[in-house]
Amino acid sequence: MRKVVLILFSCLAAMLVFSYKNYKREIIPLKDIFKDKFYIGVALNTRKIWGRDTAALQIVNTHFNSVVAENCMKINALQPREGHFQFREADKFVDFGLRNNMFIIGHNLVWHSQAPDWFFKDHNGEEVSREVLIERMKKHITTVVSRYKGRVNGWDVVNEAVLDDGSWRKSKFYSIIGEDFIRLAFEFAHAADPMAELYYNDFSMAREGKRQGVVKMLRKLKAGGVKVTGVGMQGHLSLDYPKIADFEKSILAFSAEGVNVMITELDITVLPTPRRNMGADVNQNYAYKKEINPYTDGLPENVTKQLAQRYIDFFRLFLKHEDKISRVTLWGVTDADSWLNNWPVFGRKDYPLLFDRQYKAKPFVQMISQIPAKE
Ligand code: XIL
């Protein structure tokens with residue numbers, strides 16, 4: 001009898017030690033690990049902003065000290081019709097950030113995508129003049145930035161204005177106003193909240209052409225006395241693209257222009273991409289095929305390893321340049337949240353984030369937290 005009790009007791013003790021270890025693994029707060037280095041941020045979708053995903057919110061509060069709204073601060077969400085501003089969700093988002101002591105990012109003020117048609121058209125459906133578009137941009141930026149003055153800490157003022165080859169994206173903002181729309185957007189934002197940090201944000205920033213285009217833009221803005229606090233390098237990465245060395249060149253190049261560098265929108269797709277270096281152009285979509293959705297039943301061991309290594313390599317790079325990097329933001333909490341399940345192909349199953357569909361930190365998160373600060 002005593003033997004049985006002893007065996008049972010040992011089993012119980014072993015189980016307790018095991019679950020404590022696991023518990024420990026879950027609760028290493030990333031924000032403590034990266035404290036004094038950079039903010040570690042995360043994008044919040046509608047479900048989280050409205051408090052309907054409590055398990056994810058717990059992760060957000062444990063691990064992150066910065067938040068950005070995935071969609072609810074884009075022009076189509078805030079001003080779907082001219083003059084009809086809708087702030088309900090954005091207000092909720094900002095309240096969440098303030099309540100939880102987060103560094104709050106507004107995303108975004110000027111972007112060709114998720115901008116409603118009316119923005120560029122008059123009442124007869126004709127394209128508006130330069131003056132009208134500038135006025136609309138001014139009204140939108142001024143209304144939004146003033147509302148959150150002193151509460152939103154930094155704004156993605158202009159998103160994705162430069163193409164991969166360094167030339168200007170031929171967006172409506174560009175074709176109607178000219179490249180001046182960038183300067184104007186920064187000036188309007190600065191006037192509305194002089195204390196807010198102001199950023200330029202773009203994808204495929206590791207590409208030579210884009211790097212040079214963005215550097216040229218920064219120089220022009222600086223020469224014109226325009227305040228730009230930082231550059232956001234959207235981190236929509238894949239397992240084999242881009243090269244770490246190219247990404248590093250861009251961190252160095254932007255930092256040399258005297259701005260903070262931020263890794264925004266970090267996620268690493270493990271799925272086959274329809275073409276090499278997809279970038280993150282939300283308007284490029286491809287048809288679903290079973291062959292390009294290979295991991296519906298879980299991620300094979302070898303791919304899990306590759307993903308882990310890729311995350312570790314990138315975080316090693318971020319830590320190497322922590323003096324230049326002010327924030328690293330993940331584009332979603334768990335794999336279930338990720339926009340990559342639906343872009344560039346709708347209805348796939350991707351595994352791009354730090355937490356899995358069961359809200360568990362992936363094992364490599366532990367490894368990231370053990371990377372020495374300077375190697
Ligand atoms: C994406 C969102 O994640 C999706 O939910 C939405 O349908 C499309 O936009 N670059 C950006 C982000 O700057 O705003 C985009 O977010 C992803 C690419």
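As the structure lists them, so they are numbered: ligands from 1, and atoms in each ligand from 1. All heavy atoms count here, side chains included; hydrogens, waters and symmetry mates do not.
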J.: Pull out every atom of ligand 1 sitting under 4.0 Å from any heavy atom of His107, numbered as shown with elements.
T.: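 Here the atoms of ligand 1 in question are 11 (C), 12 (C), 13 (O), 14 (O).
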J.: Using the ring centroid of each side chain, check whether Phe120 and Phe173 are separated by less than 6.0 Å.
T.: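 When the ring centroids of Phe120 and Phe173 are compared, they turn out to be within the sub-6.0 Å range.
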J.: Could you tell me whether some N/O pair between Gln234 and ligand 1 is separated by less than 3.5 angstrom?
T.: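 Min N/O separation from ligand 1 is below 3.5 Å for Gln234.
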J.: Check ligand 1 against Asn159 and write out every atom of the ligand that is under 4.0 Å from a heavy-atom position of the residue.
T.: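 Here the atoms of ligand 1 in question are 11 (C), 13 (O).
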J.: Report the part of Trp331 in contact with ligand 1, treating N, CA, C, O as backbone and CB onward as side chain, heavy atoms under 4.0 Å; options are side chain, backbone, both, neither.
T.: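 Within the 4.0 Å criterion, Trp331 contacts ligand 1 through side-chain atoms alone.
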J.: Any atoms of ligand 1 less than 4.0 Å from a non-hydrogen atom of Gln114? List them with their elements.
T.: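 Answer, ordered by atom number: 6 (C), 8 (C), 9 (O).
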J.: Taking 4.0 Å as the limit for heavy-atom contacts, which would you say applies to Phe203 with ligand 1: side chain only, backbone only, both, or neither?
T.: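 Looking at Phe203 and ligand 1, no heavy atom falls under 4.0 Å.
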J.: With Thr46, which of Glu70, Arg52, Lys92, Glu89 fulfils side chain to side chain donor-acceptor pair (under 3.5 Å)?
T.: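 Testing each of Glu70, Arg52, Lys92, Glu89 against Thr46, the sole residue satisfying side chain to side chain donor-acceptor pair (under 3.5 Å) is Glu89.
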J.: Output yes when Glu82 and Arg136 qualify as a salt bridge under the 4.0 Å nitrogen-oxygen rule, no when they do not.
T.: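 Arg136 and Glu82: salt-bridged.
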J.: Quick one: does Trp111 get within less than 4.0 Å of ligand 1, heavy atoms only?
T.: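 Distance cut 4.0 Å: Trp111 passes for ligand 1.
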J.: Within ligand 1, which atoms have a heavy atom of Glu160 less than 4.0 Å away?
T.: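 In order of number, 10 (N), 11 (C), 13 (O).
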J.: Please work out, at 4.0 Å between heavy atoms, whether the side chain, the backbone, both, or neither of Asn342 comes within that distance of ligand 1.
T.: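 Within the 4.0 Å criterion, Asn342 makes no contact with ligand 1.
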J.: Heavy-atom distances under 4.0 Å decide this one: backbone, side chain, both or neither, for Asn71 against ligand 1?
T.: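 Asn71 to ligand 1: side-chain contact only, backbone stays beyond 4.0 Å.
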J.: Within the distance-only criterion (no hydrogens, no angle test), does the side chain of Arg211 pair as donor or acceptor with the backbone N or O of Asp246 below 3.5 angstrom?
T.: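 Such a contact is found between Arg211 side chain and Asp246 backbone.
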